[in-house]
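Take a look at the structure set out below.
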Amino acid sequence: MSLILYVLLVCIWGLSWIAIKWQHGIVALEVSILYRFCIAAVIMLVAGKLLKLLQSTSYQNHIWFALQGASLFCFNFIAFYAATAYIPSGLVALLMATTPLFNSIHSRLFFGESITLNFFFGMFFGLAGIGFLFVNELSALQLSLATFYGVFYSLVGTWCFSIGNMLSVKNTNKGILPFTATSYAMAYGCACLLIVIFLKELSFNFEFTMLYISSLLYLAVPASVLGFTAFLVLVNRIGASNAAYILVCTPVIALAM
């Protein structure tokens, strides 16, 4: 089952990069992200109620859900989208692929998990492979203030994503299933996005084109509902560091597309 989920996620999230590209247009990126997770959250919460998949939770649980939603479904996406305005997507993918390293450090700090030598070998060759895949983009990169901003936003996004993984582990350790935690976390992530949108005074417009709508639906349902639920299940099954190595594999699918 872990292998099936792993391969499925690599394909789903690998394809999501071209869908994200098709989201660029007249709609502000923060608003597009809000649309994506609003659709996903409604689907998960309604399905959870109808199929009785949502667990009963306490007030304290919702504090952790809110933190998970802010880090995993709001600020990390804003940071990654901001990074692409300053540096090539290849470098963003390379920096995002350091998520397993962030997860291993955080797992060691928060849960006392050990880090094996094999893990570092895997990280080295995985990152080197991505570097070769994007060698043309990286070779044209120039050191500048824009590059610094791009790298900074990429690392902030990666850190937020990793913190979201750790909060998922914490929720699981408290007996909360990934579906329940993800459903509520997405709703709280939408609330955080709304605050950001109002602070930036962005308009809630929409692009009524087949390309925008189809890519939005793909990002909301397969990439979010199925993708994040499966990913957090994998985090619980094989550990946060091993699960995050999916982000080292997805650029291969993204480049092929």
Side-chain angles (χ1 to χ4, degrees), residues 5-44 47 69 71-97 99 130 133-134 137 150 153-154 157-158 160-161 164 182-183 185-187 189-190 192-193 196-197 202 204-234 243-257:
L5 290 175
Y6 216 96
V7 174
L8 181 67
L9 267 174
V10 169
C11 295
I12 289 176
W13 279 358
L15 294 174
S16 69
W17 284 100
I18 193 168
I20 289 173
K21 180 182 178 181
W22 292 338
Q23 290 282 285
H24 288 257
I26 62 171
V27 183
L29 292 175
E30 293 88 346
V31 177
S32 288
I33 298 170
L34 176 65
Y35 292 156
R36 169 184 178 175
F37 287 118
C38 275
I39 295 171
V42 168
I43 291 173
M44 294 192 72
S71 58
L72 204 55
F73 303 116
C74 178
F75 295 119
N76 68 317
F77 278 93
I78 291 175
F80 283 129
Y81 278 101
T84 58
Y86 295 100
I87 57 177
S89 59
L91 182 54
V92 177
L94 180 61
L95 293 170
M96 188 178 182
T99 300
I130 293 180
L133 285 173
F134 293 102
E137 283 188 339
Y153 281 126
S154 296
T158 305
C160 288
F161 185 82
T182 305
S183 299
M186 279 187 182
C190 291
C192 289
L193 284 165
V196 172
I197 290 168
L202 301 174
F204 290 92
N205 53 350
F206 194 83
E207 189 172 330
F208 291 95
T209 63
M210 182 61 69
L211 197 63
Y212 181 83
I213 295 172
S214 59
S215 60
L216 178 61
L217 291 175
Y218 180 85
L219 291 170
V221 184
S224 298
V225 174
L226 298 179
F228 278 100
T229 302
F231 177 75
L232 296 179
V233 168
L234 272 179
Y245 202 78
I246 287 170
L247 301 175
V248 184
C249 305
T250 51
V252 179
I253 305 296
L255 272 179
M257 290 304 296

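Along the sequence shown, the residues carry numbers beginning at 1.
Considering CZ of Phe75 and CZ of Phe80, their distance stands at 14.5 Å, rounded to 0.5 Å. Note that the CZ atom of Arg36 and the CG atom of Leu216 stand 9.0 Å from one another [nearest 0.5 Å]. How far CE of Met96 is from CG of Leu247: 4.5 Å, rounded to the nearest 0.5 Å. Taking CG of Leu29 as the start and CD1 of Ile78 as the end, the distance is 10.0 Å to the nearest 0.5 Å.
Looking at every heavy atom in both residues, Ala28 comes nearest to Asn205 through N-OD1, 4.3 Å. Among all heavy-atom pairs drawn from Gly189 and Cys74, the shortest one is O-CB, 3.9 Å. Heavy-atom minimum distance, Thr99 versus Ala244: CG2-CB, 3.6 Å. Summarising the geometry of Asn76 relative to Leu72, their closest heavy-atom pair is OD1-O, 2.9 Å, with the distance given to 0.1 Å. Residues Gly164 and Ser71 share a closest heavy-atom pair of CA-OG, 3.4 Å. The heavy-atom pair separating Ile253 from Cys11 by the smallest distance is CG2-O, 4.2 Å.
Side-chain contact between Leu234 and Ile246 is present, with heavy atoms from C-beta onward closer than 4.5 Å. Residues Met44 and Thr229 have side chains in contact (heavy-atom distance under 4.5 Å, counting atoms from C-beta outward). In this structure the side chain of Phe73 never reaches within 4.5 angstrom of the side chain of Ile33, judged on heavy atoms. Here the side chains of Leu193 and Phe77 are not in contact, with every heavy-atom distance at 4.5 Å or above. Using a 4.5 Å heavy-atom threshold, the side chains of Met186 and Thr182 count as touching.
The side-chain hydrogen bond (donor to acceptor under 3.5 Å, both in side chains) analysis of residues 209-221, with sequence neighbours excluded, yields the pairs Gln23-Ser215, Ser32-Tyr212, Glu207-Thr209.
Using a distance-only test at 3.5 Å, with no hydrogens or angles considered, a donor-acceptor pair links the side chain of Ser224 to the main chain of Leu219.
Taking the ring pair (Phe, Tyr, Trp, His ring centres under 6.0 Å) definition, one finds that Trp13 meets it with Phe228, Phe231, sequence neighbours left out.
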